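Owing to the predicted nature of the structure, the values given are computational and were not obtained by experimental measurement. Numbers here simply count residues along the sequence, with the first being 1.
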Amino acid sequence: MSSQNFDIIIIGGGPAGMTAGLYASRAELKTLLVEKMIMGGQMMTTTKVENWPGYPGGIDGPELMARFQEHCVEFGLETTTGEVEKIEDLGDRKRLQIDGKEYLCKAVIVATGANPRKLGVAGEEALVGRGVSYCATCDGAFFRNVPIAVIGGGDTAAEEALFLTRFASKVYMVHRRDELRATKILQTRVLENEKIEMIWDSVVTGLESDNTGLTGIQVENVKTGQERQLEAVGLFAAVGVTPITGFLGGLVALDVAGYIKAGEDTHTSVPGIYAAGDCRTNVLKQVSTAVGDGAVAATQAEKYISEL
Ligand code: NAP
């Protein structure tokens, strides 16, 4: 089988992958970025980014990502759509299988990010697209003037709840504790919003539906055991993320939650394979940290290649 050769192959087209692509191609390394779906990663489902420096007043996630993409291809980065099925470590070469085709490279940067975590409640999967969603930006507009619920207490849940108040008649925010994890500014906005009702100390125990889709949500107070039924026809789960690392097949060391074990230098347990952004064990998951990781990973890969 003939294979295509690159210096670096980057897996994932979010902020980390695109920044790595920018640095690697600007360093005149023959670089390919492989993205499974659409470029931009989780930012494509983010309404407004308020903490990316240089944009007072914020910028829409997709607009920011379009600028990233324009910038990284400016230096000659090649991009392709495809799924990486396998990576093999051949020492100073890595062999990748992408959509059945073989690619060889000297270094790999894994920047695959993370997917929304499921609630794990009965009926959840069957109701996706019929009331259950993991993306307010994508599906919020389908829920005009109806009550809906957001599950979770982190930044994503807070942002989604606030965004959904534009459409829904009421937003229940169901959180398993009595304190939000979200940053203070978002907490204040949530707690001051008249359309949002907090359901504290509670978890989802059941989903009700008919042939039109979701009709109600059962929640249970974890402190009192009291059950309550929420009349909601939409459920937006925002209970964290799961790293996309299964395709690595155990090639690099992962932590118990599935994140690639890599420090700030982005080095994984395999020389020549680097991890950048949300798929790595890091303390903060933001565009800014992903961008930093992408820059570090590309420069570390460049150094590794020059020393081969
Ligand atoms: P997160 O910070 O991990 O929060 C997940 C939330 O879901 C927590 O409140 C958690 O409760 C709850 N939860 C987890 N498992 C649950 C379950 N099985 N049932 C019910 N509730 C459950 O996740 P995230 O909000 O998606 O954020 C991910 C990362 O991206 C974070 O680092 C966040 O700061 C960052 N982010 C930043 C921004 C921003 O800066 N604008 C926006 C979005 C995300 P507990 O609190 O009890 O653990």
Side-chain angles (χ1 to χ4, degrees), residues 12 14 36-38 40-47 61 83 110-143 146-164 168 171-177 180-182 198-210 212-222 227-249 254-260 277-282 285:
K36 189 173 159 185
M37 306 266 283
I38 49 166
Q42 290 175 74
M43 277 298 108
M44 298 305 280
T45 56
T46 300
T47 37
E83 183 163 8
V110 184
T112 40
N115 276 329
R117 190 184 289 147
K118 308 278 181 291
L119 284 177
V121 65
E124 180 180 3
E125 212 167 307
L127 285 165
V128 172
R130 298 197 307 127
V132 171
S133 170
Y134 304 89
C135 173
T137 332
C138 319
D139 302 325
F142 295 122
F143 296 89
V146 289
I148 57 105
V150 171
I151 321 301
D155 284 331
T156 305
E159 283 187 347
E160 302 231 318
L162 289 163
F163 175 73
L164 288 164
V171 177
Y172 295 102
M173 189 162 170
V174 181
H175 182 36
R176 64 183 178 183
R177 292 188 293 132
L180 293 173
R181 178 183 291 277
M198 289 304 309
I199 311 285
W200 298 109
D201 297 317
S202 298
V203 292
V204 175
T205 50
L207 302 175
E208 284 153 21
S209 61
D210 62 16
T212 63
L214 186 76
T215 53
I217 302 168
Q218 285 156 12
V219 295
E220 184 186 312
N221 186 301
V222 291
E227 290 185 352
R228 178 172 169 186
Q229 207 233 1
L230 304 177
E231 276 181 31
V233 295
L235 181 155
F236 289 82
V239 293
V241 293
T242 317
I244 303 166
T245 52
F247 73 99
L248 292 164
L254 306 178
D255 73 4
V256 285
Y259 289 92
I260 299 170
D278 285 5
C279 63
R280 168 176 93 79
T281 47
N282 57 8
K285 299 195 188 312

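Between the Thr46 side chain and the Met44 main chain, no donor and acceptor come within less than 3.5 Å of each other. Put simply, the side chain of Arg176 never gets that close to the backbone of Val203: no donor and acceptor are under 3.5 Å apart. The main-chain N or O of Ala238 is never found under 3.5 Å from a side-chain atom of Thr156 such that the two would form a donor-acceptor pair. Distance alone, capped at 3.5 Å, is enough to place a donor-acceptor pair between the Thr215 side chain and the Glu208 backbone.
Between Ser202 and Val219 the shortest heavy-atom distance is CB-CB, 4.4 Å. Of all heavy-atom pairs spanning Ser209 and Leu127, the tightest one is CB-CD2, 3.7 Å. Taking each heavy atom of Tyr172 and Pro147 in turn, the nearest pair found is CE1-CB, 4.5 Å. The two residues Ala149 and Ala232 have their closest heavy-atom pair at N-CB, 4.1 Å. Residue Val150 comes nearest to Glu160 through the heavy atom pair CG2-C, 4.5 Å, listed as atom of the first residue, atom of the second, then distance. The two atoms that bring Thr137 and Phe163 nearest to each other are CA-CE2, 3.7 Å, heavy atoms only.
The CG atom of Leu230 lies 11.0 Å from the CG atom of Leu207; values are rounded to the nearest 0.5 Å. Between the CE atom in Met173 and the CD1 atom in Ile199 there is a gap of 11.5 Å [rounded to 0.5 Å]. The OG1 atom of Thr245 sits 14.0 Å away from atom CZ of Arg280, with the distance rounded to the nearest 0.5 Å. The distance from the CG atom of Asn115 to the CD atom of Gln42 is 7.5 Å, given to the nearest 0.5 Å. Here the CG atom belonging to Leu119 is positioned 4.5 Å from the CD atom belonging to Glu124, to the nearest 0.5 angstrom. Between the OG1 atom in Thr47 and the CG atom in Leu162 there is a gap of 9.0 Å [rounded to 0.5 Å].
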Step by step, work out the side chain to side chain contact (heavy atoms under 4.5 Å, CB included) result for Asp278 and Val241. CA-CA 9 Å; Asp278 285 5; Val241 293; 5.6 Å; no
Passes side chain to side chain contact (heavy atoms under 4.5 Å, CB included), Lys36 versus Ile244? Steps please. CA-CA 11 Å; Lys36 189 173 159 185; Ile244 303 166; 5.9 Å; no
List the steps and the verdict of side chain to side chain contact (heavy atoms under 4.5 Å, CB included) for Ile148 and Phe236. CA-CA 8 Å; Ile148 57 105; Phe236 289 82; 4.1 Å; yes
Would Val128 and Tyr134 satisfy side chain to side chain contact (heavy atoms under 4.5 Å, CB included), going step by step from the backbone distance to the final call? CA-CA 9 Å; Val128 172; Tyr134 304 89; 3.9 Å; yes
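Around CD of Gln229, the count of heavy atoms belonging to other residues, nucleotides or ligands within 6.0 Å exceeds 12.
With Ser133 as the fixed residue, the side chain to side chain contact (heavy atoms under 4.5 Å, CB included) test singles out one of Leu214, Leu235, Asp139: Asp139.
Using a 4.5 Å heavy-atom cutoff, the side chains of Phe143 and Val171 are not in contact.
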